[in-house]
Amino acid sequence: MKCKNEIIKAILRPPYRALKWARQSIHVYKETSRLLRISAESAPNVFYFGITEHSNMGDLAQYFCIREWIGRNYPSLPVYEFEATTIVDTRFGFLGKLARVIKPNDLIFFQSGFTTADRGGCHELMHRVVIDRFPTARILMMPQTIFFHSEENRLRTSKSYNQARNMLFLSRDKVSYEQALKMFPDVQNVLYPDIVTSLIGKYNFQHQRHGIFMCCRNDYEKFYSADEMDEFASKLSDLDTVDMGDTTISTHYLKIRENLGQFVSNQIELFSKYKLTITDRYHGTIFSLAANTPVIVIKTKDHKVTTGADWFKGVYDDSVMVAESLDHAYELAQKILASYDYPVLQPFFKEKYYDALPARVAQLGKTNVAG
């Protein structure tokens with residue numbers, strides 16, 4: 001009856017919306033059906049849930065890095081990737097089909113990002129429906145930003161996640177980590193850098209550098225108005241040429257996913273062509289460092305970007321600076337443009353954190369794994 005009602009609603013929609021609904025339904029059906037081809041008797045499987053479904057290169061770089069990390073550390077295990085929208089869609093019984101094949105020694109990896117939150121996207125719902133159905137599963141929650149507007153939603157998330165006694169929850173900034181300790185006292189909580197930091201030290205492009213790149217968001221998280229940013233860009237143009245852009249690009253995400261590594265490399269190469277980056281994007285900061293380009297961080301409405309920059313204190317002090325205001329950012333830009341030497345940065349985060357992460361994962365659910 002539920003499916004019948006959905007079909008009736010689709011027929012009553014405008015044609016373009018009905019077509020979109022039909023395409024999405026076919027996609028979810030096909031994706032859910034892939035579970036039927038998984039053997040419950042095979043070696044341990046890796047389920048990677050919540051892969052990126054939009055064209056933000058920061059989130060797609062996380063996807064790229066997680067795939068690379070899984071392939072490097074679990075080369076013999078089958079890996080099954082699914083989107084969050086497929087997992088939370090109830091029409092074709094995704095969770096029921098998953099229950100037939102998932103085993104105690106399988107691993108579930110959740111996509112990283114601003115996904116333990118109650119605004120935008122369905123990743124937080126995905127976390128809950130999976131944990132509620134499989135509370136003893138071995139789960140790695142890749143580094144998260146936690147941000148809730150509603151106390152009711154926060155309490156709901158806390159109740160759900162605390163069931164996951166075999167989950168390792170990684171927080172990617174200190175504010176999120178402190179919240180995680182309060183919200184998830186029954187879960188293993190660790191402060192851990194964003195996985196895209198593992199790309200720092202990998203690239204060494206040899207471009208002649210010119211100008212300043214303002215990599216700035218245009219969404220509800222931005223702190224400064226468009227007029228303030230335009231005035232700031234005009235002021236910066238007295239120091240050097242200024243280009244403006246963002247980490248969200250126009251190419252469709254499915255096209256990007258076909259050649260993900262090249263798109264990530266191209267994005268970082270873009271940053272390597274400038275003398276300086278000024279950004280309110282967290283991955284704008286990381287891309288700049290991966291390009292060996294100094295970066296000035298300006299604030300957003302939440303803590304994600306400025307507290308995320310704390311990771312680089314004592315590691316890349318001369319390369320990352322946090323501005324208290326746009327006037328302060330201008331002063332920092334003057335200083336950097338006058339004296340920065342553009343060294344190749346070392347792969348600190350890959351070596352210290354992500355090369356060590358498999359050992360932590362190996363400890364998950366030891367009492368539930370046969371042998």
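Residues meeting the ring-ring contact (aromatic ring centres under 6.0 Å, His included) test with His123, sequence neighbours left out: none. Residues satisfying the side-chain contact (heavy atoms from CB on, under 4.5 Å) test with Arg209, not counting sequence neighbours, are Lys275, Asn292, Thr293, Tyr342. In this view, Asp106 and Lys103 satisfy the salt bridge (charged side-chain N to carboxylate O under 4.0 Å, His left out) rule, not counting sequence neighbours. Partners of Asp243 by salt bridge (charged side-chain N to carboxylate O under 4.0 Å, His left out), not counting sequence neighbours: none found. Residues passing the side-chain contact (heavy atoms from CB on, under 4.5 Å) test with Val79 are Val46, Ile70, Glu81, sequence neighbours excluded. Listed by chain and number, the residues in a salt bridge (charged side-chain N to carboxylate O under 4.0 Å, His left out) with Arg72 amount to none (sequence neighbours excluded). Looking at residues two or more places apart in sequence or on another chain, you find no side chain to side chain donor-acceptor pair (under 3.5 Å) involving Thr279. Taking Arg257 as the reference, Glu83 meet the salt bridge (charged side-chain N to carboxylate O under 4.0 Å, His left out) condition, with sequence neighbours excluded. Applying the side chain to side chain donor-acceptor pair (under 3.5 Å) test to Asp355 and every residue at least two apart in sequence or in another chain returns Lys350. With sequence neighbours excluded, no residue satisfies side chain to side chain donor-acceptor pair (under 3.5 Å) with Tyr192. Listed by chain and residue number, Thr307, Lys313 satisfy the side-chain contact (heavy atoms from CB on, under 4.5 Å) test with Asp310 (two or more places apart in sequence, or in another chain).
Here the closest heavy-atom approach between residue Ile296 and residue Ala333 is recorded as CD1-N, 3.4 Å. The shortest non-hydrogen separation linking Val196 to Gly58 is CG2-O, 4.2 Å. Considering all non-hydrogen atoms of both residues, Ile249 and Gln267 come closest at CG2-OE1, 4.2 Å.
Salt-bridge check for Lys182 with Glu178: failed, with every basic side-chain N at 4.0 Å or more from each acidic carboxylate O.
Phe114 and Tyr282 have their aromatic ring centers separated by at least 6.0 angstrom. Ring-centre distance between Phe271 and Phe213: below the 6.0 Å cut-off. His210 and Tyr274 have their aromatic ring centers separated by at least 6.0 angstrom.
Counting only residues at least two apart or in different chains, salt bridge (charged side-chain N to carboxylate O under 4.0 Å, His left out) contacts with residues 315-332 comprise Lys235-Asp327.
When Ile139, Thr157, Val187 are each tested for a side chain to side chain contact (heavy atoms under 4.5 Å, CB included) with Ile131, only one passes: Ile139. Here the rule is ring pair (Phe, Tyr, Trp, His ring centres under 6.0 Å) with Trp69, and of Tyr353, Phe109, Phe349 only Phe109 fits it.
The aromatic rings of Phe94 and Phe82 sit perpendicular, their planes meeting at an angle over 60°, well past the 30° parallel limit.
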